[in-house]
Amino acid sequence: MSDIQEGTINALKKELTATSTSAQLDSLTSKYFSRKGILNDLFSKINSVPADEKQAYGKEMNTLKAQAETLIEKKRVELSKKPRKGTWVDPTLPGDTLPKGSLHFVTYAIEEITRIFERIGFSRASYPEVEWEYFSFESLNMPPGHPARDDFETFFIDEKSHSKYGRMVLTPHTSSGQIREMMRVGVPIAMINIAKTYRPNWDVSHTPMFHQFEGLCIDRGINITNLKGTIEYFMTSFFGEGRKMRLRPYHFQFTEPSFEVDVSCDICDGSGMIDSKTKCRLCKSGWLELGGAGMVHPNVLKEGGIDSEEYSGWAFGFGIERVFMMKQGLKLDDLRTVYENDVRFLEQF
Ligand code: PHE
């Protein structure tokens, strides 16, 4: 080893011993390796070396450079393993917060509705989303070609028809679970059927997939008072005290008598007016419709194998998205927002 080589390496070693931070190591690296650094300076001295010694000098410089690199690299590894001195860490500081996920608010609503009805002895049922025409219509007193079927515009599935049950459909309402429940359970029945339902509509108040919850109660001596009391119980539990309800005469093939059920609007307190001049934008009349209800038609009971002389029952079917919107007083003017999956909207619930 030549004097230059040895002297340089020793000097570097000494400086490395005194180095304790990576910032110091960085400046030491540039002291040796930068364009105007020690090594380049030594390399450039090759010009003043006699011609026959140039080759040996060059070789020596290359070895020196490699040795210096190794030493510096070793130090860098050493420093990276060493806990940094002088950096004060407060272990009691809270960590970074991660964004919190949540369930879709329709799922929360389903859970809440299930709990409310379980408390009064109803059992949750689930029936097929892909259903036969028979359960969606015929068994509900709507024979093929009956105009009432137009109220339940339906998606049909390209599948072979069933000899008894007809074509395959995406169930347009949870009422298709009524006959299935009668066949499966028999009397008495206290069912809450919550499911996805499908109709080919897409506008501000409709999405092609939505949810309904269907109550069905059949026993001896069941009457309208009982239906009204149950809906009132649901409303108080779900919306809180102070909301009014009304049953409005209506027509469904599978209930007689039939009603639509309205709840008083939360935004205008049931008055239909925001102030003396402004109509309520959401309800316009003080009332909002939740869905249909009525006393189960004797033909439907018969179809389900239940003696309509001895037993009676009621049913209702409400839309979940719509019920939920009324609870929150959201003033949501486009129902499609619910399924656009914009996190900025969804994370508010
Ligand atoms: N199935 C009806 C609808 O979707 C609602 C309903 C259910 C009406 C039960 C009466 C009884 O509109």
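Note that the numbering runs from 1 along the sequence shown for the chain. In listed order, ligands and their atoms are each counted from 1. Predicted, not measured: the structure shown is a model, and the values here were computed from it.
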| message | Under the rule for side-chain hydrogen bond (donor to acceptor under 3.5 Å, both in side chains), what residues qualify as partners of Asn226, not counting sequence neighbours? | response | Trp314

| said: My understanding is that only residues two or more places apart in sequence, or in another chain, count here; which of them pass side-chain hydrogen bond (donor to acceptor under 3.5 Å, both in side chains) with Arg246? | reply: Asp262

| field | Summary of ring-ring contact (aromatic ring centres under 6.0 Å, His included) pairs that have at least one residue in residues 222-244, sequence neighbours excluded | value | Phe117-Phe234, Phe213-Phe234, Phe234-Phe238

| Over 12 non-hydrogen atoms of neighbours within 6.0 angstrom of NZ in Lys54 | yes

| said: Nearest 0.5 angstrom please: Asn193 CG to His173 NE2, how far? | reply: 11.0 Å

| message | Measuring from atom NZ of Lys196 to atom NE2 of His211, what distance do you get when rounded to the nearest 0.5 angstrom? | response | 4.5 Å

For each nitrogen or oxygen atom of ligand 1, which protein N/O atoms lie closer than 3.5 Å, and how far apart are they, rounded to 0.1 Å?
unit_1: ligand 1; atom_1: 1 (N); unit_2: His173; atom_2: ND1; d: 2.9
unit_1: ligand 1; atom_1: 1 (N); unit_2: Ser175; atom_2: OG; d: 2.9
unit_1: ligand 1; atom_1: 4 (O); unit_2: Arg199; atom_2: NH2; d: 2.9
unit_1: ligand 1; atom_1: 4 (O); unit_2: Gln212; atom_2: NE2; d: 3.0

